[in-house]
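Some notes on the structure that comes next.
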Amino acid sequence: MSKSSGQGMCNSELPRFLIGSEGGESRELDDIDMRKISGHYREEEEEDEDQSERQIMVGICSMMKKSKSKPMTEILERLCKFEYITVDIFPEEVILNEPVEKWPLCDCLISFHSKGFPLDKAVSYAKLRNPLLINDLNMQYFIQDRREVYRILQEEGIDLPRYAVLNRDPDRPEECNLVESEDHVEVNGEVFHKPFVEKPVSAEDHNVYIYYPTSAGGGSQRLFRKIGSRSSVYSPESTVRKTGSYIYEEFMPTDGTDVKVYTVGPDYAHAEARKSPALDGKVERDSEGKEIRYPVMLTAMEKLVARKVCLAFKQTVCGFDLLRANGHSFVCDVNGFSFVKNSMKYYDDCAKVLGNMVMRELAPQLHIPWSIPMEAEDIPIVPTTSGTMMELRCVIAVIRHGDRTPKQKMKMEVRNALFFELFEKYGGYKSGKLKLKKPKQLQEVLDIARQLLAELVLHNDCEIEEKKSKLEQLKTVLEMYGHFSGINRKVQLTYLPNGQPKASSEEEDALKEGPSLLLVLKWGGELTPAGRVQAEELGRAFRCMYPGGQDSCRSLGCESPIDCGDYAGFPGCGLLRLHSTYRHDLKIYASDEGRVQMTAAAFAKGLLALEGELTPILVQMVKSANMNGLLDSDSDSLTDCQQRVKARLHEIMQKNKDFNEEDYSKLASTGSPSLVNSMEVIVNPVSTCDRVHTLIKSLTCQICKRLEDPKSADLQLYHSETLELMLQRWSKLERDFRMKNGRYDISKIPDIYDCVKYDTQHNSSLGLEDTLELFRLSRALADIIIPQEYGINKAEKLDIASAYCLPLVKKIQLDLQRTHEDEAVNKLHPLGWLHTPYKSSKCVHGISVMMAATERVCVFGPCVGAGFEGCSLVPSIYPLETLHNSLSLKQVDEFLTTLCKNGSETQFKRLKYASGPPSTVSSAGPSSPSVPEPSSNFRFNSE
């Protein structure tokens, strides 16, 4: 790495620059070259020099911090290797204090605005001396105003996010065309739903805010110019700023990565990917303290955009920001003059392009004998792996969500006019059903419950048909946590034209005439703090799947990866080493279930070593459109086979006798050890259910006694649950488990096991008796009922499983096909940042994380190839040499094709899979839509 002469570096250590001198001969920088980079005035007598020795003077007019920066110094050193070019850096005190008439003379001027720079004086100097301008000065006024930048981009036909400008009068800031609502703003009649971006109109103001929807937790991410290792911070504030003028624009889902593009003339562009500052606000830095960026290859369309930006703003050296989202690239900012921070290849290229440009324009005018050098393009010759080594290209896994609270539901029939008004207000009569999840909607339901309870207290004889206990439970649940996030509770209303007959313990004892609404309140099933930790820990462990991350922990003397804390050994190793580029190709899909989405966000946080709140990660990296149904089913879409299996299972489990050999052969035909062990624990299913019911009654009695104890009045259980809610949870299970005919509803067994497992793990401090016995028996029952509902013998299991999995399997196959065909998309640039020899030309593919509505996670997609040797002193990563348990892509394809062919169309039609529009195309290539036709003709290369 070359350094300036002021640092005492000897000439032999400077990089060799092979282009630019006459005759194509190369030479190293010597003392004469270094003297060319001067900070002194040119002497007047230089104008009288012999024409054969005439030098082209390139003036650098900028603030000293910029002129003496490392990138500028690196480029100027290389520029001076042109035989006829001399560089003169204007002293800052001259720029600030002297009139332009006394500024140094130059033939070519490189001048650009930064904080404190007198742009007006530079414009005057250019008019006075008329030098060749590398970057137009007048256009730099426009670059300082984001409104003008967007106007120019729009006029040039360059894609940019949908936006609106809000201009405020500083003296009357309240008089503006802005209407703010809970989850959107309306600017000049244009509506922007959260998430949206709020940018100050001044490009010098870097305080950009991103506002998140309440369904994702609300709040905002506040971006600012980097301070140390921070570039943004999360704030709970959700309201927009009330003073100042701003641009409001649509938030673009870039999967947590920004692309910075640097042009040097219209025909050269260098691009780098970096972690978006909006993700968690932590700046990733290398061992030298530089922000970590990864050169990426631009598409043909993006190269055209770079050319347009360079020409439209008349800035030869120009930086701008690209957002890759939904299969397109959008320009969101133009920065003007800026250099790549740490790339020897870029420094070489930049100096060559600028030098040739200056010589081409000025050499003929000054009668300098110079011709444009002709040379063949540099063809990168890169060594590849040899032998029969296999490369890890794909990881497929199915992962369930983390620890959650018990899922709970309360039904009540409502007839009060207030509920009907709410039903009509949100269009419930259109379909007869209404789902309320937004905080504002839930607040209205809570207000109705509070109002009705207040009327009951004031007037005991008032005609309120809603049951007081149900209203109190509705109120209690909606008041949990002190706020609504829209991700942990929901209310459903269904219109009943003739009321609802009594069907279970949930409804009223007496029938009423006339129409009513069935209100169903659902809560629980939320990801607990423990579940969040589990997901993050799994994400960190997943780094070990990439070659190079497996042995680091053992070398550090750790017993297990968990003991190390940073599974890859040290930051930058293993998969984490390709952090920004890898994130750029990471796709995360999830259903709209809150616990699934939060698991996805927490997993991404651990995998990518992010920090801070989950809300920004959830909004930017988790997609939920058209994901429901990929691995899910409901009672309306159960296959005939599953209906028969459930009926047979219920029949076996209702026999009041000990299991015999025939029962073992029927129920555990596969010989599964867990099934056999559970049957041995149960012995008699009815007797075991009797015991479970008795234990539940004992549990509810103990909770009632705790409630009567004054010491337990303010007792808070895990995750903000109260004793009242815990009692309601168990009382409902007690009522519903044993039906009025004396038989047991075994479909409640999973709920009982779910609740007792949760309380045993999280509420053991209560010291409730017999919970361990209840846990043991309910687990044995659940270990039979849950898996056997999906088939008792192998044929039934395969039949039911294929119906459930077919949509997901087809998506996996189509995604693998798309990735295999898109070899040219999203590669690391093979030459981008390497000064030392690099090890491999393997391209970097993506990985997808899919979380289906069944609360399971499918992680799949091609993994990254071999890494590059850069300047961060991180050892190279090589492909795995042995993959004993891995399948080749050809085997995977054959398996998926066979499975898709075997899936019957009848079963497929029964599934309610996502049949909406195709998934949005991303920067890693288009995601496959959920389509019924398998890609049976697709084949992978077996290599």
Side-chain angles (χ1 to χ4, degrees), residues 396-401 404 407 525 589-593 595-597 599-600 624-650 669-670 672 674-675 746-747 749-751 754 782-816 848-860 892-893 895-916 919 927-936:
I396 299 177
V398 177
I399 309 168
R400 194 175 187 272
H401 64 75
R404 60 164 173 80
K407 291 188 287 186
Y589 303 100
S591 75
D592 60 359
E593 294 287 347
R595 58 186 168 276
V596 181
Q597 292 195 332
T599 296
S624 58
N626 304 322
M627 288 300 109
N628 292 337
L630 284 178
L631 195 62
D632 196 11
S633 185
D634 55 38
S635 58
D636 296 332
S637 60
L638 294 178
T639 64
D640 294 336
C641 178
Q642 191 167 10
Q643 297 282 21
R644 293 195 303 271
V645 167
K646 280 196 170 186
R648 195 159 82 252
L649 182 61
H650 279 247
S669 59
T670 60
S672 168
S674 63
L675 282 174
I746 65 169
S747 67
I749 289 291
D751 295 334
D754 192 27
D783 283 348
I784 293 176
I785 293 165
I786 294 174
Q788 298 305 82
E789 281 184 345
Y790 296 91
I792 295 177
N793 57 46
K794 289 183 179 179
E796 292 167 344
K797 289 180 183 294
L798 182 60
D799 191 16
I800 295 170
S802 63
Y804 273 87
C805 299
L806 198 59
L808 178 61
V809 167
K810 291 184 181 213
K811 175 160 179 57
I812 292 174
Q813 186 180 32
L814 287 172
D815 279 353
L816 291 175
S848 298
V849 180
M850 181 172 298
M851 304 198 175
T854 49
E855 308 153 21
R856 290 165 177 80
V857 184
C858 178
V859 181
F860 63 90
V892 172
D893 175 59
F895 166 73
L896 295 178
T897 302
T898 303
L899 190 58
C900 290
K901 284 183 176 179
N902 290 341
S904 67
E905 289 301 321
T906 303
Q907 292 170 334
F908 187 74
K909 289 177 182 178
R910 289 176 180 271
L911 288 171
K912 290 186 176 181
Y913 67 98
S915 58
S919 303
S927 302
S928 65
S930 300
V931 292
E933 293 299 325
S935 180
S936 56

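Basis for what follows: all heavy atoms, side chains included, without hydrogens, waters or symmetry-related copies.
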My understanding is that only residues two or more places apart in sequence, or in another chain, count here; which of them pass side-chain contact (heavy atoms from CB on, under 4.5 Å) with [X]?
X: Thr670; value: Ser672, Leu675, Lys794, Lys797
X: Ser747; value: Asp745
X: Glu789; value: Lys646, Leu649, Ile785
X: Ile786; value: Pro750, Ala782

Distance, nearest 0.5 Å, that separates SG of Cys641 from CD1 of Ile800: 4.0 Å
With sequence neighbours excluded, residues passing salt bridge (Lys or Arg N to Asp or Glu O under 4.0 Å) with Asp754: Arg404
Identified side-chain contact (heavy atoms from CB on, under 4.5 Å) partner of Glu796 from the options Gln788, Arg644, Arg648: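 Answer to the side-chain contact (heavy atoms from CB on, under 4.5 Å) test with Glu796 among Gln788, Arg644, Arg648: Arg648.
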For Pro807 against Ala803, the heavy-atom pair lying closest together: CD-O, 4.1 Å
